[in-house]
Structures are given as structure tokens and as C-alpha cells.
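A short write-up of the structure that comes next.
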Amino acid sequence: MNFEMTDDRRMLADSLGKLLGSHFGIEHRNSVAYEAPFHDKAGWKALAEIGILYAFISEDAGGMGGSGFDLLAVFEQMGAALCPEPLLGAAMAAPLLAEAGEDLEPLLSGEAIYALAVDEPDAPWDADAGTTEGGDTLTGRKTAVYGANAATHFLVSARQAGKLSLFEVKAEQAAVSPWGMIDGGGAGELMLDATPARCLLPDAGEAIAAALDWGRLALCAEAVGAMDWCYATTLDYLKSRKQFGREIGSFQALQHRMVEMKTAIEQARSITILAADRMDSRSVAMAKSLVGRTARKVSEEAIQLHGGIGMTWEYPLSHYAKRLVMLDAQLGDADFHTARVAARYA
Amino acid sequence: MDLSYSPEEQAFQKEVRQFLADELPEDIAARVKAGGEVSKKDTERWHAILQARGWLAQTWPEEHGGPGWGPVERHIFDEEAARAYAPRILPFGLQMLGPVLIKFGSDEQKAHYLPRILDGTDWWCQGYSEPGAGSDLASLKTKAVREGDEYVVNGQKTWTTLGQHADWIFCLVRTDGSGKPQEGISFLLIDMNTPGIEVRPIRLIEGGHEVNEVFFTDVRVPAENLVWEENDGWTVAKYLLTHERTGIAGVGFSIAAFERVKALAERTMRGGKRLIDDPLFAARLAEVEMDLEAMKIFNLRMLAEAQRVGHPGVETSMLKIRGTEVRQALNDLYRRALGPAAALIPGEAPGGNAALVAPEDEAAAASYFNNRKISIFGGSNEIQKNILTKAMLEL
Ligand SMILES: Cc1cc2nc3c(=O)[nH]c(=O)nc-3n(C[C@H](O)[C@H](O)[C@H](O)COP(=O)(O)OP(=O)(O)OC[C@H]3O[C@@H](n4cnc5c(N)ncnc54)[C@H](O)[C@@H]3O)c2cc1C
């Protein structure tokens, strides 16, 4: 048994952490996160140049990673720095493009930006329940497509001859209504009306399910990174803020809350490691549910223990807190995944 | 035991309902329902409507223009008003300063300030908290030095809610630094237009502007603006903090919030099923409903007791804690019920056929984040627990 990161992954994580630290400081982060197109071309290029996109693909397929632990190494750093770049779409698109035998070079170099369009308004998170119809063109509506503003390509799930298929739609041929997210970053509504599309995988049910699980794992890792940041920041604050003539961290009521928070984060980290190792749908569902619930709790506790200051825009914690709460709603919330886990008992 | 309202109370409830149906402007109710900001103008309009009926200063005695209600009437009004999506009555002048002046003010102060609160001439804000004095309010440092018939004020207040609109601020200031922290504090009324006052906005987590920093540099305040005795302002502050806290559980807000979540879950589809038919979501909602039903009775029990003994008991702290928890749980369910669409920013979402949610639901996530404040201000939930600990363990 060995819980150490390999040297390669540690090096990647370190250089990513450094890059994010220097390029995405909180002020710049906020200006990217809250203003269309929610994307910083230079920042994206720098991320691509240090090779993080290669982490999403195995060596056989031309990448340098492809395991759940590669994903963890990257997304923990993204979460710790609260980076709003549309990396989630790339992480989910990479295995799909590989499966379809597509040229991965544009994605790996950062030149093409992919967004995955699966959710529909009456069926969020559930690819099988979608009603978009496909053929030479696509008709239907995809909702909450993350990174829609920056995307050059959309990978879209749709029904074709009774099967769930995967299509590619070029951004210039798509009607997109973009919107900014309260926790930073952008999403969009993809309005498909006989929109030209190219079928990549006619029978894509399993591949899409696997890609979504891959994205879920990425979100878990992002949450772990952001939770670590919140814990450390709150701990520092409790040691420095004085009321009633002493550090508020000296009040036992607050000390125990910190212990609860830390314990919950370690549980979240542990189940994320389990999911990264197994990469089966049950483990990923367990991780996404437990992490989703923990992330909200950590967010709420971090604000509460700070008092008023934790509620302010100017104090970076508030932005971490928003991200931690809202990521539960991406790719299936805690209840959705709890139901998936519980369904196995039947 | 009889849980029903008396015939008079029932008649009063009907009267309140009718009043709200007739008088609450629809456009204002729609804005409250949408969870967006209620403008200064909306608040002023609603205050004027209530004042015309004599129902604005609900905690004041009749001789000063109050309606002569007891805690049960006030509770009935709160509940009905929240259900009808009436804006809240701004507490600073009406529920905070008014009762203080009635109890501690001079006759001149009462005659001058009370009518101006009632007719909306003066908009008040509360200047208690400072950067270094939050939960530990008595450690406040803003200094007032007596010079002839004036006080000269220097220092900083913060978290001043709606200070950007205020004509006046009531402040706790330090007039003596020699004794125990509680001993050298005075209660001072300050005109916001006095030279030397600067108001700077604080932007909150969801992006809104409702609180401010207020800076005082050599601000000269007439000595007659002192309420009660110099150096005994803590008595005034304590009265204000414990005074009539019948609305503290926010039962009305929770009832309205519950109805809103339930209605949303009934019309939200998740993969061919209504969200309300999802057993996990339904169970969560049911659990909050139980707490809410219990809290309504808990609240009424406390009101009856307060009416009997003449002052609220320490249980109000329990109600504050549970009340904020229930409201926050409902805010959480409301946000969740919207799924991924909850992430949109109110007022900035696509419209037309690309709309994601009904306009009145756009602010779900924003209000969830904004309402994290309710367990922090007005004595944080941790401070409430300390109060309860002291009382229960007789420490
Ligand atoms: C939106 C908003 C509006 C506000 N409006 C106003 C206003 O209009 N006027 C005004 O004067 N003030 C206002 N306040 C200020 C509010 O009253 C303070 O935020 C509150 O008193 C807490 O103080 P603090 O923020 O400095 O937190 P701190 O007191 O620093 O507390 C930080 C944390 O430590 C905990 N803590 C502190 N002491 C103890 C203890 N002894 N034991 C256990 N835990 C403890 C707290 O519960 C909290 O979790 C407002 C605040 C907010 C957020």
C-alpha cells in the first residue's frame, strides 16, 4: 500500500500550483470568473504549455496520464486556486475523443476547447433521460453546458435509432445563450434546431457514462483542494481574530467545530482516492455524494466561524464558499448520487 | 390546553389578511417574492401604507402612535405579512431606536424624533459593530470627547446595514476608557450629514450592497443628542438587545419559504418525475416541515409566557438558533431544487426560450448565500448558545 503521489504527478501538480499562484491570483481570478467570456486566453495557453491536458489521456492514446490519480493531481490544484478555466470540459471530452479515434492534438495543445453537452432542462445529470434527437443534424436543447462561452467544439449526446449517440457540433454553427455562474465561470444553453452535427460514436451510452464519472471525479478533487484552502484559512483566522481579549480559536465551541471540519475533509479526500483508484460508477457516485455534502458543510462552517468578514466579496473565502456549494449541482447533486448508490441495494 | 386563537385573535387575523389583500401593492409583493432587493422607495411606500392604518410602530405604546398590540397580535401580523410577501418593516427606527427613546429618551427627544420615524422623515441605521468589536461589542473604540456643548467623535463603525440611505445613525461610542469596557459607553444620535462622516460600501458574498463602513473624523455632535446618561449607554444597548424579540424565530419567513420550495418542487421535472415525488428530496422537505410546525408552537408557547410574565425568557435564544437553521435549510432546498440552473446570477440569465427558471426563482442561490448572515448578526448562534449555557448551567 502506498498513498504517495508518484514523482511525475507531484512535479505536474507543483508546476501547476506555481502557475496558478502566479497567474490566477484572486483579483485576476475574479475578473476572469465574473466577466464574459469567463476565460483568459493567455492563462489557458500557459496551462496547456505545462502539459496538464496530457494528464487526461493515457500514453497509448498519445497522452501522459489517464488514471484517476492524474485527474486528482490536476484538479486539486485547480480547486485550491479556484481557477475558473473550462478544464472540466476538456477532461470529459478527452476520453470520448480517444474512444472515437479522433485526432487529440487540438485538445492536448489547448488550441481546441471542448464542452460536453448532456444535461437537459427536465433531465439534468441523466444522459439516458435526454430527448434531443440526432442524425445529420441535432434538434433539442442542452442546458448548463459548462465553458460554453469559450468552447470551440461541443460534444453532444442525442438519441439516434433508439441509441444514445455522441455528436460533435462546431461552436460557429451552434446557437448558444451564455450565462455567468454565481460561483464564477460560465455556462450556456445550447439551442439545437436542425443544427449541423457529425456523429462520433453511434453507440455511446457507456462511453458517455464513463466520461461523466470522470468529470465527477474531477469535481471531487477540485472540492478537496478548495476545502483544504478553506480549512487552512479559517484556522489562521481563528488564531488571529481576537474577541473578549483572546483569540477566538481559544473557545472550545469553535475548536470542536474545526475538528469536525477537518475530519469531514479527510473523509472526503479518502473517498475521492477510493473513486480514483476504482473508477467504477458506484465508487464515483459515493464520492460525489459525500463530497457534495461535505463541501457545503465546510463552506457554511468556514463562513460562520469567520463572522461578518466571511460574508464579504472582498475576502477571498466567500468565493471559495460559493464554489464549494455550487459544485454539488454539477453532474449530479448529492441526492442524485445517493440514489444511484442506494439503487444497488434493490 | 387550547392551541387555537381566541375569537378576537381570529377576527384580528381576518382583518390583517383583508388589509394585506387590499393594501399591499402587487408590484412590491412580486419583488419580495422574487427574493430581489427591496428598494428604499418600496420600503417607504409600505411604511406609509402601514402608518396610515396605524400599524407601523407595532411595538410602541398607543400614546406614542403604536397600535396597542400584544405579542400575539404582532406574531399574527408577521406571519400573515410574510405569507403575503410584504416587505419587512425596517427595524432600525421602528423596532430599535423607537422603544429605546420611549424608555430612555428625554421628553424633547421623544417629541422630536418619534413622529419623524413614523412619518418617514428620518431613515435610521444602527452603528454598533466595529472592525474590532463584533461579538464582543463592549470592546468598541469609537471615541466621543465632550467639548463644551458638543461631542467630538472619531473612529469607525462597520456592517452598517442600509447606511447608504440613512439620514441618522444611532451609535454606541466610548466616552470613558478608564474603567471596565461596559462602563464608559454612551448612546449617541448622529446626523449622517454632519461633516467628517464618510460612508463606504461593503459588497457582500452574492454581490449585493446592503452594508457599509462608516468613518468618523472630528465629527461634531450636539450634546443634546446624548440619550440617557453619559457612560451608561450599555444599559440602553442591553435593553435594545433583549427588548421584545417575539419576531426572532422568523416563523413567517419560514412559512413563506416553505410554500415556495414546495411549489417549485411540484412543477420541477427530473427525468420524467416531479421533484416532489423524489423520495430523498421529499424526505428532506418533510423534515424541515416538522421542525417548522414544532417551532410555530414553540414560538407561541414563548409568546404566551412573555405575555404572562411581562418579558421574554431565555428560550428566545433557542428560537433564534432554530429559526435561523430552519430558514437556512429552506434556502438550501430552494437552491437545490433548481439543479444546475441555480448557478445563474439574478437578472443576468438568458430570457425567452432560453430561459432557465421562472423569473421569481432567479435569486434562489443568491438568497441562500446572503442568508448565511442570519446566523451571524443579531448575536451569532454561538453567542446565543453561550447565553443559554450560562442560564441553563447557572454559570
Ligand atoms: C449582513 C450583516 C449585517 C449587519 N448589520 C449590522 C448593523 O446594521 N449594525 C451593526 O452594528 N452591526 C451589524 N452587523 C454586525 C453583526 O452584528 C456582527 O457581524 C456580529 O456581531 C458578529 O461579529 P463579527 O462579524 O465581528 O464576528 P466575530 O465576533 O469576530 O465572530 C467570529 C466567530 O467567532 C464566534 N465567537 C465569537 N465570540 C465567541 C465566544 N465567546 N464563544 C464562541 N464563539 C464565539 C462567532 O460566533 C463567530 O462564529 C451586521 C453583520 C452582517 C453580516
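These figures come from a predicted structure and were not determined experimentally. Chain A is the first sequence line, chain B the second, and so forth, proteins listed ahead of strands; every chain is numbered from 1.
- Judged by distance alone, the side chain of A:R141 and the main-chain N or O of B:N353 form a donor-acceptor pair under 3.5 Å.
- Looking at B:A283, neither its backbone nor its side chain comes within 4.5 Å of chain A, counting heavy atoms on both sides.
- Ranking B:E206, B:R203, B:Q328, B:K373 against chain A, the residue ahead of the rest is B:R203, based on heavy-atom pairs under 4.5 Å.
- For B:I202, the part sitting under 4.5 Å from any heavy atom of chain A is the side chain, from C-beta outward, and nothing else.
- A donor-acceptor pair is defined here as one N or O able to donate and one able to accept, closer than 3.5 Å; no such pair exists between the side chain of B:E382 and the backbone of A:L254.
- Ranked by heavy-atom pairs under 4.5 Å with chain B, the first of A:A342, A:P178, A:G180 is A:G180.
- Of the listed residues (B:G134, B:A138, B:A349), the greatest number of heavy-atom pairs within a distance under 4.5 Å of chain A belongs to B:G134.
- With a 4.5 Å cut-off on non-hydrogen atoms, B:P181 does not touch chain A at all.
- There is no contact between B:I374 and chain A, counting heavy-atom distances below 4.5 Å.
- When all heavy atoms of B:N381 and A:Q304 are compared, the closest pair comes out as N-NE2, 4.2 Å.
- Contacts of B:L356 with chain A are made by both backbone and side-chain atoms, with heavy-atom separations under 4.5 Å.
- Summarising the geometry of A:W179 relative to B:P350, their closest heavy-atom pair is CB-CD, 3.6 Å, with the distance given to 0.1 Å.
- Chosen from A:T312, A:L317, A:L305, the residue pairing most often with chain B at heavy-atom distances under 4.5 Å is A:T312.
- In the displayed structure, A:Q255 atom CD is contacted under 6.0 Å by more than 12 heavy atoms of other residues, nucleotides or ligands.
- Under the ring pair (Phe, Tyr, Trp, His ring centres under 6.0 Å) criterion, no residue pair touches residues 354-376 of chain B, with sequence neighbours excluded.
- Interface remark: A:E189 contributes side-chain atoms only to the contact with chain B (heavy atom separation under 4.5 Å).
- At a 4.5 Å heavy-atom cutoff, the contact between A:A329 and chain B is made by backbone and side-chain atoms alike.
- Proximity to chain B (any heavy atom under 4.5 Å) is restricted, for A:T143, to the side chain, taken from C-beta onward.
- Of the listed residues (A:K242, A:K322, A:M181), the greatest number of heavy-atom pairs within a distance under 4.5 Å of chain B belongs to A:K322.
- If you take OG on A:S299 and CD1 on B:I205, they are separated by 6.5 Å, rounding to the nearest 0.5 Å.
- With a threshold of 4.5 angstrom between heavy atoms, A:Y146 approaches chain B through side-chain atoms but not through N, CA, C or O.
- Of all the heavy atoms in B:G271 and A:A129, the pair that sits closest is CA-CB, 4.0 Å.
- The two residues B:A343 and A:D183 come nearest to each other via the heavy atoms CB-OD1, 4.3 Å.
- With a 4.5 Å cut-off on side-chain heavy atoms, B:P340 and A:Q330 do not count as touching.
- Neither the backbone nor the side chain of A:A253 comes within contact range of chain B; no heavy atoms are under 4.5 Å apart.
- Among the candidates A:R257, A:M191, A:E300, the residue making the largest number of heavy-atom pairs closer than 4.5 Å to chain B is A:E300.
- Note: B:R372 leads B:K273, B:R372, B:R270 in heavy-atom pairs under 4.5 Å with chain A.
- With chain B as partner, the option from A:Y315, A:F244, A:W125 having the largest number of non-hydrogen pairs under 4.5 angstrom is A:F244.
- With respect to chain B, the highest number of heavy-atom pairs below 4.5 Å among A:M326, A:M311, A:H306 belongs to A:M311.
- Applying the side chain to side chain donor-acceptor pair (under 3.5 Å) rule to pairs touching residues 335-351 of chain B yields B:D332-B:R335, B:D332-B:R336, sequence neighbours excluded.
- Highest contact tally toward chain A, considering only B:G132, B:G207, B:A341, is held by B:G132 [criterion: heavy-atom pairs under 4.5 Å].
- Taking 4.5 Å as the limit, every side-chain heavy atom of A:F336 sits out of range of all side-chain heavy atoms of B:D278.
- Formation of a donor-acceptor pair under 3.5 Å by the A:E314 side chain with backbone atoms of B:L204 is not found in this model.
- Annotation for B:R322: atom CZ does not count as buried by contact number, only 12 or fewer foreign heavy atoms lying within 6.0 Å.
- Two residues are said to be in side-chain contact when any heavy atoms from C-beta on lie closer than 4.5 Å; B:I376 and A:I303 meet this criterion.
- Two residues are said to be in side-chain contact when any heavy atoms from C-beta on lie closer than 4.5 Å; B:R284 and A:D335 meet this criterion.
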